[in-house]
Amino acid sequence: MPEGHTIHRYARDQTQLLAGRALRVSSPQGRFADDADRVDGATLESVMGYGKHLFYEWSTGEVGHVHLGLFGKYRVQETDRSPEPIGAVRMRLQTEPDDSRDTYVTVDLSGPTACSIDPPSVRAEILARLGPDPIRRGSKPDRMIARVTRSSRGIGDLLMDQSIVCGVGNVYRAEALFVTGIHPLRPGTDCDVAELEALWATVQGMLRQGVKHGRIITVSREDLGVAPNVRIPRGEATYAYKRDRCLRCGDEIRRIEIANRTCYYCPTDQPF
DNA sequence: GTAGTATGCTAAG
DNA sequence: TTAGCCTACTACT
């Protein structure tokens, strides 16, 4: 699940559900217990997404940091009673019933790579090493383009580098390069500015659509041949990613390992 | 039951 | 460059 769109979606939803309220913070699984104690009962001011990182601002002045890694997931429940944790819940955020609601809102986090309560300086350090996040309002491609055009590394490698542009993962890498018609092994120095501007706009559009839909859909309904009100099936929502054949031209999709992950591309639509 | 897979990243060698 | 880590879900036996 988690590329940048997932993180921003969580930030939006959890701000809506939890911000401005005093929360019970705990760690049913135990590994977050000491940190949880420090903010238990504090008010959550806001939840902010940046790239693949989530930051929780607490009224204590401390900042919660969550990175989902490959496996991290949230489960949100609204229930009459406090629910039993399902699976290995590292962090639980829970409202108390009050005048405006008579139910518990419970947000359970399992499987994250990072989950901690830190001074604000830790967030500053993390943000300092991230490239621009196309989902965020006012973000600009300048820094990304400058880095890419100076690098001999392949664009498929550069796109996964969170210090160059953040929030892009393996699915959006494949899909954005497909839509812009760029071969993933093309060196950054061989990409021109107009192409990279188009790539930025594509990535930005895809990620923002992802936030809106709550899932990755990069294909147009026309290309897929699906009516407007029909749900796009799982495995059908991409042009090249995890496909055997290119949705556009039918050519065989190639798979190569780039930056530790399988990169999918169409040799016909993405010439070197 | 068991194996295999996954949209990530870091630290060790 | 590789191993390791974090967990849930699916497709098989």
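Since the structure is predicted, the reported quantities are computational estimates derived from the model, not experimental observations. Residue numbers start from 1 in every chain, and the chains themselves are labelled A, B, ... in the order their sequence lines are given, proteins ahead of strands.
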*Asks:* Side-chain N or O of A/Lys52 versus OP1/OP2 of B/dT7: is the shortest distance under 4.0 Å?
*Replies:*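 So the side-chain polar atoms of A/Lys52 never come under 4.0 Å of the phosphate oxygens OP1 or OP2 of B/dT7.
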*Asks:* In a check of salt bridge (charged side-chain N to carboxylate O under 4.0 Å, His left out) between A/Glu236 and each of A/Lys242, A/Arg231, A/Arg243, which one passes?
*Replies:*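 Among the candidates, only A/Arg243 passes.
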*Asks:* Over how many whole Å does the gap from A/Ile258 atom CD1 to B/dC9 atom C1' extend?
*Replies:*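 Going from CD1 in A/Ile258 over to C1' in B/dC9 covers 18 Å.
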*Asks:* Respond yes when some side-chain nitrogen or oxygen of A/His67 is under 4.0 Å from OP1 or OP2 of B/dC9, and no when none is.
*Replies:*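 For B/dC9, OP1 or OP2 has a side-chain N or O of A/His67 closer than 4.0 Å.
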*Asks:* Of A/Leu177, A/Ile182, A/Thr180, which is the lone residue that meets side-chain contact (heavy atoms from CB on, under 4.5 Å) with A/Gln270?
*Replies:*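 The passing option is A/Leu177.
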*Asks:* Scan A/Ser110 against the nucleic acid and name what it touches under 4.0 Å (heavy atoms): base, sugar-phosphate only, or nothing.
*Replies:*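 It contacts sugar-phosphate atoms only.
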*Asks:* Measure the distance from CG on A/Asp161 to P on B/dT10 and round it to the nearest whole Å.
*Replies:*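 In whole Å, B/dT10 P lies 10 Å from A/Asp161 CG.
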*Asks:* Does A/Phe71 or A/Arg75 map to a spot on DNA chain C nearer the 5' end, using the closest nucleotide for each?
*Replies:*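 Its nearest nucleotide being more 5', the pick is A/Phe71.
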*Asks:* Can you tell me the distance, in whole Å, between the CZ atom of A/Arg234 and the C1' atom of B/dT7?
*Replies:*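 Roughly 13 Å, once rounded to whole Å.
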*Asks:* Distance check needed: B/dC9 P versus A/Asn170 CG, whole Å only.
*Replies:*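 The distance from CG of A/Asn170 to P of B/dC9 comes to 11 Å, rounded to the nearest Å.
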*Asks:* State, without any angle test, whether A/Glu57 and A/Ser46 hold a side-chain donor-acceptor pair at a distance under 3.5 Å.
*Replies:*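 A donor-acceptor contact under 3.5 Å links the two side chains.
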*Asks:* Which part of the nucleic acid, if any, lies within contact of A/Tyr241, taking any heavy atom under 4.0 Å across all strands shown: a base, the sugar-phosphate backbone alone, or nothing?
*Replies:*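 Sugar-phosphate, backbone atoms only, no base.
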*Asks:* Return the stems involving DNA chain C, sorted by first number, where pairs are Watson-Crick (N1-N3 with N6-O4 or O6-N4) or G-U wobble (N1-O2 and O6-N3), both under 3.5 Å, and runs are 3 or more long.
*Replies:*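 Paired runs of 3+ in DNA chain C: B:1-6 with C:7-12, B:8-12 with C:1-5.
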*Asks:* Under 4.0 Å from any heavy atom of chain A: name the first and the last nucleotide of DNA chain C that qualifies, 5' to 3'.
*Replies:*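 In short, chain A contacts DNA chain C from C/dT2 to C/dA8.
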*Asks:* What is the distance from CG of A/Leu159 to P of B/dC9, rounded to the nearest Å?
*Replies:*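 The distance from CG of A/Leu159 to P of B/dC9 comes to 13 Å, rounded to the nearest Å.
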*Asks:* Heavy atoms under 4.0 Å, any strand shown: does A/Glu175 hit a base, just sugar-phosphate, or nothing?
*Replies:*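 Nothing, no nucleic acid heavy atom in range.
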*Asks:* Are the side chain of A/Asp251 and the backbone N or O of A/Cys246 linked by a donor-acceptor pair below 3.5 Å?
*Replies:*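 Answer holds: no.
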*Asks:* Is A/Ile258 linked to A/Leu196 within one hydrophobic cluster, defined over Ile, Leu, Val, Met, Phe, Trp and Tyr using a side-chain heavy-atom separation of less than 4.5 Å?
*Replies:*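 No; A/Leu196 is not reachable from A/Ile258 via cluster members.
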*Asks:* Sorted by first residue and then second, give each side chain to side chain donor-acceptor pair (under 3.5 Å) pair with at least one member in residues 194-216 of chain A; sequence neighbours left out.
*Replies:*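 Applying side chain to side chain donor-acceptor pair (under 3.5 Å) to every pair that reaches into residues 194-216 of chain A, excluding sequence neighbours, yields A/Arg186-A/Glu195.
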*Asks:* Do the side chains of A/Arg147 and A/Ser163 get nearer than 4.5 Å, heavy atoms only?
*Replies:*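 A/Ser163 reaches A/Arg147 side chain to side chain.
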*Asks:* Remember a base hit wins even if backbone is also touched, and classify A/Arg31 as base, sugar-phosphate or nothing at under 4.0 Å, heavy atoms.
*Replies:*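 The answer is sugar-phosphate, as A/Arg31 gets under 4.0 Å only of primed atoms, P, OP1 or OP2.
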*Asks:* Please figure out whether A/Tyr264 or A/Gln162 has its closest DNA chain B nucleotide nearer the 5' end.
*Replies:*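 Its nearest nucleotide being more 5', the pick is A/Tyr264.
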*Asks:* Quick one: does A/Phe178's side chain get under 4.5 Å of A/Leu247's, heavy atoms only?
*Replies:*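 A side-chain contact under 4.5 Å is absent here.
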*Asks:* Would a 4.5 Å heavy-atom cut-off, applied to side chains only, mark A/Val47 and A/Leu18 as touching?
*Replies:*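 Answer no - side chains too far apart.
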*Asks:* Tell me what A/Arg129 touches on the nucleic acid: a base, only sugar-phosphate, or nothing, going by heavy atoms under 4.0 Å.
*Replies:*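 Sugar-phosphate, no base atom in range.
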*Asks:* Can you tell me the distance, in whole Å, between the CG atom of A/Leu54 and the C1' atom of B/dC9?
*Replies:*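 For the pair A/Leu54 CG and B/dC9 C1', the rounded distance is 16 Å.
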*Asks:* So what does A/Arg90 hit on the nucleic acid, given a heavy-atom distance under 4.0 Å: a base, only sugar-phosphate, or nothing?
*Replies:*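 The answer is sugar-phosphate, as A/Arg90 gets under 4.0 Å only of primed atoms, P, OP1 or OP2.
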*Asks:* Considering just the side-chain nitrogens and oxygens of A/Lys73, establish if one lies under 4.0 Å of OP1 or OP2 belonging to B/dA6.
*Replies:*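 Result: no.
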*Asks:* Run the side chain to side chain contact (heavy atoms under 4.5 Å, CB included) check on A/Glu45 and A/Ser59 step by step: do they pass?
*Replies:* CA-CA 6 Å; A/Glu45 313 282 7; A/Ser59 56; 3.3 Å; yes
